Amino acid sequence: MSYHGGTTGWLITRHAEAKELLTHKSFSARQEGIISPVPTELGYAGPADPGAFAKTDDPIHSRYRKLVTGFFTVRRTRQFAPMIERIVHEQLDDLEKAGPGADLVEVFTESVPSRVMCEMIGVPESERKTLQRHVETLGRLSCTVPEALAAVSGMSGFLSRFVPVRMDDPRDDLLGDLIRGGQLDEQELMGMTATLITGAFDTTGNMLAMGVFTLLEHPDQLAKLREDPELMGTAVEELLRFLTISHLGASRWALEDVEFAGQSIKKGEVVTVALPAVNRDPERYDNPDQLDIGRTDHGHLALGHGVHQCLGQHLARTILRVGYEALFDRFPTLRLAVPGDEVPMRDDFVHYGPRSLPVTWDD
Amino acid sequence: MRITADREVCCSAGQCALIAPDLFDQSDEDGSVVLLDAQPDTGRLDVLREVVSRCPTGAIRVEEDPGV
């Protein structure tokens, strides 16, 4: 395919090849070689900031990532469930107060994941909404260079105030643990904190909102879930597969000339894995376009694959499970307040989801 | 049947602990794989095949019929 600006690149739509590409040693995730598959003014001029491990390769990537992975294991993230439940219910109290017609995105889906991550790293609530706006700006493809620069400087302004204060007085949280570990300097701690904030905020938020929207639009599936709450685990996996909100996929670039999937890929060329297509590959899934919350064959790549597979994936799963359960339990008559096709969508964002989701219910 | 898990190769994605939490855990230190039961019942073979296929780095191997 041809990327914006005419550069030659490649698109992967098959599940098997996507898995192979994302674990292939000849392809890099370093940001300086990545070209966006869709036009945007946003781009990276050079290598990732110290500590911003998502856009680096091993061994730099794993050195940073291993320092925080202990907080994001399956067991550890399940232990966060009581904290997540408290936040979910506080936001649902706000939804109740806001009353029928409220925007679920504003009151619930956008607030829950950002509050959870802020609590994990000790970011004061007073800073949260501003940070959320910065993350949102940087995830919007139509964002102009001055808008992006303002968001970046807002973000780094916060980090350069916040991180040194915590370094003087580390708390009993994720950031405190990293500081006490003594392996990272101030710049690296700032890069790491930024990565955790940007990785956690709009990803799970959009998934939470899209999941609710989708279940409301598939009443048979929602009824099935209400009948058998044990299906929540597979329902979350199926929603991740079916929706694949990272709709621009994952991109890598060739570190050398390489033969891949029968093609000759030249050094420097970018390969984009079309994650939504991969997760509906008819060679991999029966009835791929059908939402079936009882589906047990997952293995989807909605959270990526390989060493860069989403760090917060198990935390996200816990938030989604707790969030859907509590919402549908407390608002059993929840429904959209506008026709489904009138819900405004974030087409121009890195992560897909509704801009707002007006909902109503019987009081 | 015998499972082996290579912590050097492991990238701590936690797919094993997600799919079969009675057989796999992750270390609190760096999230790498901790094998809880190396010789489970042969009835778990399907689950283990899924674990092997989902592991991003091939850190987990299953010998289906050791030394017979």
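Below, chain A is the first sequence line, B the second, and so on; all start at residue 1. Values in this document were obtained by computation on a predicted structure and should not be read as measured data.
Most heavy-atom pairs under 4.5 Å with chain A, from the set B:Gly14, B:Gly58, B:Pro21: that is B:Gly14. In terms of non-hydrogen atom pairs under 4.5 Å with chain B, the most contact-rich of A:His314, A:Arg76, A:Lys19 is A:His314. Counting heavy-atom pairs closer than 4.5 Å to chain A, the top-ranked of the candidates B:Glu50, B:Arg54, B:Glu29 is B:Arg54.
One finds a salt bridge joining A:Arg75 and B:Asp28 here, because a Lys/Arg side-chain nitrogen approaches an Asp/Glu carboxylate oxygen to under 4.0 Å.
Around CD of A:Glu259, the count of heavy atoms belonging to other residues, nucleotides or ligands within 6.0 Å exceeds 12. Annotation for A:Ile60: atom CD1 does not count as buried by contact number, only 12 or fewer foreign heavy atoms lying within 6.0 Å. In the displayed structure, A:Arg171 atom CZ is contacted under 6.0 Å by at most 12 heavy atoms of other residues, nucleotides or ligands. By the neighbour-count criterion of 12 heavy atoms within 6.0 Å, atom CD of A:Gln79 is densely surrounded, having more than that number from other residues, nucleotides or ligands. Within a 6.0 Å radius of CZ in B:Arg7, other residues, nucleotides and ligands contribute more than 12 heavy atoms.
Scanning both residues, B:Cys11 and A:Gly306, for their nearest heavy atoms gives SG-O, 4.0 Å. Taking both residues in full, the closest heavy atoms of B:Ser27 and A:Thr73 are given as O-CG2, 3.8 Å, listed atom of the first, atom of the second, then distance. Residue B:Ala13 comes nearest to A:Gln313 through the heavy atom pair O-NE2, 3.4 Å, listed as atom of the first residue, atom of the second, then distance. Taking both residues in full, the closest heavy atoms of B:Leu18 and A:Arg317 are given as CD2-CZ, 3.4 Å, listed atom of the first, atom of the second, then distance. Taking each heavy atom of A:Thr69 and B:Gly31 in turn, the nearest pair found is CG2-CA, 4.0 Å.
Here the straight-line distance linking atom CG of A:Leu67 with atom CG of B:Asp30 works out to 9.5 Å at 0.5 Å rounding. The line from SG of B:Cys55 to NE2 of A:His305 is 8.0 Å long, rounded to the nearest 0.5 Å. Atom-to-atom distance recorded for A:Thr296:OG1 and B:Asp46:CG is 10.5 Å, nearest 0.5 angstrom.
For B:Ser12, the parts lying under 4.5 angstrom from a heavy atom of chain A are both the backbone and the side chain. With a 4.5 angstrom heavy-atom cutoff, A:Thr23 touches chain B only via side-chain atoms.
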